[in-house]
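For reference, the structure is listed below as structure tokens.
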Number of protein chains: 4
Amino acid sequence: MGEGDIPGSVDPGRGRGRPPSARTEEAILRATVELLGERGIAGLTVEEVASRARVGKASVYRRWPSKGVLAFDAFMASFVERQPLPDTGTLRGDLLAALRGWVRTVRDPVTGRTLRGMVAEAQRDAELAAAWRQRFLEPVRARTSQLVTRAVERGELPRRVDAEVVLDLCYGPLYFRLLQTTERPLDGRFATVIVDTVMAAVEAGVLGGGRS
Amino acid sequence: MGEGDIPGSVDPGRGRGRPPSARTEEAILRATVELLGERGIAGLTVEEVASRARVGKASVYRRWPSKGVLAFDAFMASFVERQPLPDTGTLRGDLLAALRGWVRTVRDPVTGRTLRGMVAEAQRDAELAAAWRQRFLEPVRARTSQLVTRAVERGELPRRVDAEVVLDLCYGPLYFRLLQTTERPLDGRFATVIVDTVMAAVEAGVLGGGRS
Amino acid sequence: MGEGDIPGSVDPGRGRGRPPSARTEEAILRATVELLGERGIAGLTVEEVASRARVGKASVYRRWPSKGVLAFDAFMASFVERQPLPDTGTLRGDLLAALRGWVRTVRDPVTGRTLRGMVAEAQRDAELAAAWRQRFLEPVRARTSQLVTRAVERGELPRRVDAEVVLDLCYGPLYFRLLQTTERPLDGRFATVIVDTVMAAVEAGVLGGGRS
Amino acid sequence: MGEGDIPGSVDPGRGRGRPPSARTEEAILRATVELLGERGIAGLTVEEVASRARVGKASVYRRWPSKGVLAFDAFMASFVERQPLPDTGTLRGDLLAALRGWVRTVRDPVTGRTLRGMVAEAQRDAELAAAWRQRFLEPVRARTSQLVTRAVERGELPRRVDAEVVLDLCYGPLYFRLLQTTERPLDGRFATVIVDTVMAAVEAGVLGGGRS
DNA sequence: TCGTAACCGAGACGGTACGTCTGGTCTTTTT
DNA sequence: AAAAAGACCAGACGTACCGTCTCGGTTACGA
């Protein structure tokens with residue numbers, strides 16, 4: 001069929017047999033992105049992905065252990081690159097930029113629906129749950145850590161502050177509204193209230209030791 | 001078959017024809033509770049519910065539009081009654097009691113898994129999503145409103161505080177940990193940090209006007 | 001609902017409770033005739049009969065043991081009355097009249113389809129099979145016997161002729177074409193061939209003793 | 001799963017994809033034959049066939065459009081091979097052999113019941129009706145044609161005789177008794193009467209021109 | 001240069017659950 | 001006690017996907 005091999009793939013192994021085709025992988029991801037937009041993750045079926053990508057089902061299962069992880073891969077590339085690490089010089093500025101960026105990304109209907117579906121699907125797909133934690137939450141946590149570390153260095157925060165709690169306090173309310181309500185607005189104002197709340201807690205020394 | 005009618009049902013209507021049997025409804029709910037414990041909501045099937053309840057599938061579909069709503073009904077009764085409305089005399093005490101009660105309930109493995117599954121299922125089942133908002137979130141919101149109202153009356157909070165934001169700030173982080181991580185603890189300490197954060201924001205006047 | 005009782009019904013009994021309603025029975029039969037025309041006997045359901053007759057299902061089952069027998073009753077009245085007993089003065093004339101009359105009746109699409117369906121349904125419904133034999137075949141047999149008896153009296157047939165064999169030889173080929181083919185014509189010419197065949201057998205003394 | 005392909009199948013096509021498995025087809029037919037014997041065609045369900053054959057339901061529906069056609073296929077193989085084409089040297093001998101062979105086969109209770117059910121089912125299943133005409137009646141017609149042709153060549157019959165009428169006259173009465181009565185015998189004597197009747201008609205020139 | 005290992009698209013495989021439908025029965029209120 | 005209404009249990013229907021397994025064939029490595 002005349003296909004090239006994947007340049008920087010998972011198993012770099014000096015394999016014996018025919019190497020996996022990059023074109024197959026791309027076709028699958030492209031079809032998945034399209035179908036996520038059309039049907040959402042719940043309506044996604046491996047069968048339809050394969051047929052739209054003009055690919056055998058086995059070629060999908062050879063690469064991804066479940067439709068959840070496949071959807072995750074298709075979704076992440078575009079999602080993460082839309083969340084640049086802010087560096088505004090103040091903790092408040094950084095948090096505001098991060099949360100408002102998230103809100104802006106998620107207000108796109110397809111993105112919002114897919115993110116909701118991803119969290120949901122992770123409750124029933126252990127493979128996806130693992131990928132979610134290692135390849136999504138962990139990076140987010142690392143980035144938040146960086147913001148916090150910079151703030152500590154600037155003397156805005158006490159040394160012993162728990163970056164993970166900051167993360168939960170910031171993103172928790174956002175995901176809560178994303179997942180559980182349609183009535184209450186998920187907008188920049190809400191993001192601001194969250195940041196103000198966290199900053200007030202910081203000021204009060206709730207999240208670390210005493211007042212910085 | 002010797003079945004009684006439903007005492008305080010929805011449609012009281014002096015209906016014609018054989019009324020729905022209370023014993024059928026009870027058997028279905030009992031079977032659903034059992035199976036939720038054994039398999040979780042994702043592994044729940046209407047087929048098995050019906051067969052374990054010794055009931056026709058049609059009798060299930062006659063009452064519930066989807067397995068999500070069925071699971072919701074089976075779950076709610078026991079969940080809500082384990083969340084009594086606290087009245088400790090201070091806002092901080094009320095919030096602490098509410099959140100710690102939630103944490104305690106949710107640390108039961110079956111309850112936690114079911115609650116997670118319910119939020120997830122609501123992303124794919126519109127009927128469940130509607131029931132969730134009207135029959136779960138709305139009562140929770142009303143209860144939180146009451147706490148806030150009492151606090152306003154006591155002068156702990158400014159009059160214009162948004163009770164819904166308080167709710168999101170309190171429960172958001174809890175659900176975030178419940179749904180997204182297994183590593184970080186979902187315990188009383190975490191609940192306390194949340195409440196302290198919200199109280200700091202209250203003190204700082206972030207959630208309403210200035211200090212009351 | 002304010003209905004009169006049946007004047008000359010089966011159970012004349014000075015009943016205790018509410019007497020069976022003639023209007024109910026008529027409505028059921030009328031609905032059945034309509035639905036036989038619209039859907040055929042295979043597509044007939046007691047549910048739809050009851051709902052169209054604005055009658056409870058139990059009222060149908062109280063009177064008829066199965067949908068087959070119900071259809072039979074609805075069908076027979078009109079079918080039998082269209083098969084008058086011929087008396088032309090010769091056996092050949094009588095047989096020709098009978099077979100041609102049957103053909104004419106059966107060429108009506110609804111009647112033909114229903115008759116086919118009735119024979120078919122009798123293979124799976126024992127109650128209908130019994131009714132069919134006792135209330136349809138037996139009368140037909142008796143009528144044929146009469147034709148044969150008259151022919152014997154006229155000296156056209158030997159005394160020992162078996163009327164049932166005559167019946168099978170005449171109607172067998174007709175039902176065969178009705179049930180098994182759509183290509184070959186079921187018409188007066190075919191009826192004539194059958195009669196000529198039977199008459200030839202009579203002449204040859206095949207159906208009785210020697211030549212009368 | 002280790003299955004062979006079908007040796008002499010319909011579509012020999014250089015198919016793509018996994019070819020249908022012969023062992024699956026055999027298992028389905030074997031299960032169908034068993035269940036036809038145990039329950040009859042009316043009691044046959046695709047569900048039970050599949051489960052007894054240890055086969056997915058889809059594998060049944062992939063091959064057969066309805067349970068009628070499936071039953072037909074399961075029935076035909078054994079039925080047709082028990083109806084060898086007679087060649088006794090005379091038309092009377094051939095017809096006698098054919099009809100008596102049919103009677104003998106049909107007197108087996110399972111075979112008789114299945115044949116009855118098949119004719120009945122064909123009234124409600126258009127796919128089966130088509131298969132029945134093309135793959136059962138047509139071969140029978142062709143065989144009868146052959147008997148008649150040989151008789152014509154021997155000068156026993158006029159050239160213009162209609163083989164289809166002969167077929168209807170012979171098999172019509174047999175099917176009539178098979179389907180409509182249980183009281184009158186379906187035996188060799190009845191077969192003989194039928195053949196004698198047809199032969200008398202032949203002698204009398206009823207079925208063709210004058211005597212050849 | 002050849003064999004073999006891993007890939008490819010296609011599609012059948014054994015399963016399972018879906019939500020609907022019908023059968024024949026049972027229970028309620030009304031007449 | 002029979003009426004209309006409609007819920008009851010039971011279980012088959014035909015469809016849709018699941019994740020696996022052939023099939024015939026291609027591609028690239030290593031012997």
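We name chains A, B, ... by the order of the sequence lines, and we start the count at 1 in each one.
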Subject >> Residues which pass side-chain hydrogen bond (donor to acceptor under 3.5 Å, both in side chains) with A/R30, listed by chain and number, not counting sequence neighbours >> reply: none
Original post:
Does the pair D/R116/D/E121 count as a salt bridge with the N-to-O cut at 4.0 Å?
Top reply: no
Original post:
Would you say a side-chain N or O of D/R54 is under 4.0 Å from OP1 or OP2 of E/dG15?
Top reply: yes
Subject >> Salt-bridge contact B/E127-B/K67 (side-chain N to carboxylate O under 4.0 Å) >> reply: no
**OP:** Would you mind telling me which residue lines up with the more 5' stretch of DNA chain F, B/A50 or C/V55, judged by nearest nucleotide?
**Re:** C/V55
Subject >> Residues from residues 114-134 of chain A lying under 4.0 Å of DNA chain F - heavy atoms >> reply: none
**OP:** Give one of base, sugar-phosphate or nothing for D/R62, where a contact means two heavy atoms less than 4.0 Å apart.
**Re:** base
Subject >> Shortest non-hydrogen separation from A/V110 to A/G37 and the atoms involved >> reply: CG1-CA, 3.9 Å
Original post:
Distance from C/F75 atom CZ to C/M118 atom CE, nearest 0.5 Å?
Top reply: 5.0 Å
Subject >> Salt bridge flag under 4.0 Å for residues D/K57 and D/E48 >> reply: no
**OP:** Would you indicate, yes or no, if F/dA7 has its OP1 or OP2 atom less than 4.0 angstrom from a side-chain nitrogen or oxygen of B/S59?
**Re:** no
Scan nucleotides 11-15 of chain F against the protein and return all N/O pairs shorter than 3.5 Å with their distances rounded to 0.1 Å.
from, atom 1, to, atom 2, distance (Å)
F/dC13, OP1, D/V46, N, 3.3
F/dC13, OP2, D/V46, N, 3.2
F/dC13, OP2, D/E47, N, 3.2
F/dG14, OP2, D/Y61, OH, 2.6
F/dG14, N7, D/K57, NZ, 2.9
F/dG14, O6, D/K57, NZ, 2.7

**OP:** May I have the step-by-step check of side-chain contact (heavy atoms from CB on, under 4.5 Å) for D/W64 and D/V46, ending in yes or no?
**Re:** CA-CA 10 Å; D/W64 289 278; D/V46 172; over 6 Å; no
Original post:
For D/A53 and A/S51, take the nucleotide of DNA chain E holding the closest heavy atom to each; which residue's nucleotide lies nearer the 5' end?
Top reply: A/S51
Original post:
Does D/R63 pair with D/D73 as a salt bridge, N-O distance under 4.0 Å?
Top reply: no
**OP:** Check whether any side-chain nitrogen or oxygen of D/R23 sits under 4.0 Å from OP1 or OP2 of E/dG14, and answer yes or no.
**Re:** yes
**OP:** Return no unless some side-chain N or O of B/R18 is found under 4.0 Å from OP1 or OP2 of E/dT28.
**Re:** no
**OP:** Verify salt bridge (Lys or Arg N to Asp or Glu O under 4.0 Å) between B/E38 and B/R52, making sure each step is shown before the conclusion.
**Re:** CA-CA 13 Å; B/E38 295 172 21; B/R52 181 169 303 198; 2.8 Å; yes
**OP:** Tell me whether the OP1 or OP2 atom of E/dG9 has a side-chain N or O from A/T24 closer than 4.0 Å.
**Re:** yes
Subject >> D/R63 side-chain N/O to E/dC13 phosphate OP1/OP2 under 4.0 Å >> reply: yes
